[in-house]
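First comes the structure, then the notes that go with it.
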Amino acid sequence: ILNVEQSPQSLHVQEGDSTNFTCSFPSSNFYALHWYRWETAKSPEALFVMTLNGDEKKKGRISATLNTKEGYSYLYIKGSQPEDSATYLCAFGGNNRKLIWGLGTSLAVNP
Amino acid sequence: GAGVSQSPSNKVTEKGKDVELRCDPISGHTALYWYRQSLGQGLEFLIYFQGNSAPDKSGLPSDRFSAERTGGSVSTLTIQRTQQEDSAVYLCASSRSSGSNTGELFFGEGSRLTVL
């Protein structure tokens, strides 16, 4: 059974804090690792799609790293802002053209 | 439209009734996916379309669930004889890619189904 695990399940930080979450996934048959942000009452929005071991991607204050050999990815948020409050989802893409999703990390940033 | 559009945004129905959920993907996106998220669960894959054909229907929970896509565009997900366990948010996503796992997904805002 393919499993994608995200930790922590939820996180509360103060505005200005930097934070990071983890996504663990199978280390075999790897094709892609996706990160999405899902704000309440909105649609999930893609942050990154990563395909290469050692890949690092950045979008503004948010960045992600990928280790396909050991099966993990980290998402970092530098200087958290209240508008970063959302659920952050990761999804593993293997060789069967179907994404397997984690349960997400719920982030709340207090002003 | 500019984004993926889903309707209805909210649907409350009685157990045993049929419901139809609609997804209008981004123009030109060949791949279309249906997912659902039940309370406390992760996103659950239901079905994937490449053009009008559905190469992977493996996620449909039972034969009460069916989906079609016409003209390589709009898709409908139909749930017959709804049960309370069908209550969930049903999300549609489209992608430019030919169905690989490397294409970014563009999601609609979802249809929240409540079966009483």
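In the text below, chain A, chain B and the rest are named by the order of the sequence lines, each starting its count at 1.
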Can you tell which part of [X] gets under 4.5 Å to a heavy atom of chain B, answering side chain, backbone, both or neither?
X       : answer
A:Phe92 : neither
A:Ala91 : neither
A:Leu33 : neither

Would you name the heavy atoms of [X] and [Y] that are closest together and state the gap between them?
X        : Y        : answer
A:Leu103 : B:Gly40  : CD2-O, 4.4 Å
A:Lys42  : B:Glu109 : C-CG, 4.4 Å
B:Gly108 : A:Pro44  : O-CD, 4.0 Å

Same hydrophobic cluster for [X] and [Y], using side-chain heavy-atom links shorter than 4.5 Å among ILVMFWY?
X       : Y       : answer
A:Leu66 : A:Ile62 : yes
A:Leu89 : B:Val89 : yes
A:Tyr76 : A:Val49 : no
B:Leu21 : B:Phe49 : yes
B:Leu77 : B:Leu32 : yes

- Taking the side chain from A:His34 and the backbone from B:Asn101, do they hold a donor-acceptor pair closer than 3.5 Å?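 Confirmed, A:His34 side chain pairs with B:Asn101 backbone.
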- Message: Only pairs of heavy atoms separated by less than 4.5 Å count here; which of A:Thr51, A:Leu99, A:Ile100 has the most with chain B?
- Response: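 Top count of heavy-atom pairs under 4.5 Å with chain B: A:Leu99.
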Please check if the number of heavy atoms outside [X] that lie under 6.0 Å from its [atom1] is greater than 12.
X       : atom1 : result
B:Gln80 : CD    : yes
B:Lys15 : NZ    : no
B:Leu39 : CG    : no
B:Glu14 : CD    : no

- Task: Measure the spacing between CD of B:Gln37 and CH2 of A:Trp101 and express it to the nearest 0.5 Å.
- Result: 10.0 Å
- Go through the atoms of B:Tyr35 and report whether side chain, backbone, both or neither lie under 4.5 Å from a heavy atom of chain A.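 Only the side chain of B:Tyr35 comes within 4.5 Å of chain A.
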- Is chain A contacted by the side chain of B:Gln41, its backbone, both, or neither, given a heavy-atom distance below 4.5 Å? backbone
- Message: With a 4.5 Å cut-off on side-chain heavy atoms, are A:Ser43 and B:Val4 touching?
- Response: no
- The single option from B:Tyr33, B:Tyr48, B:Phe45 that satisfies side chain to side chain contact (heavy atoms under 4.5 Å, CB included) with A:Lys98 is B:Phe45
- Query: Is it true that B:Phe107 and A:Trp38 have ring centroids separated by less than 6.0 Å?
  - Reply: no
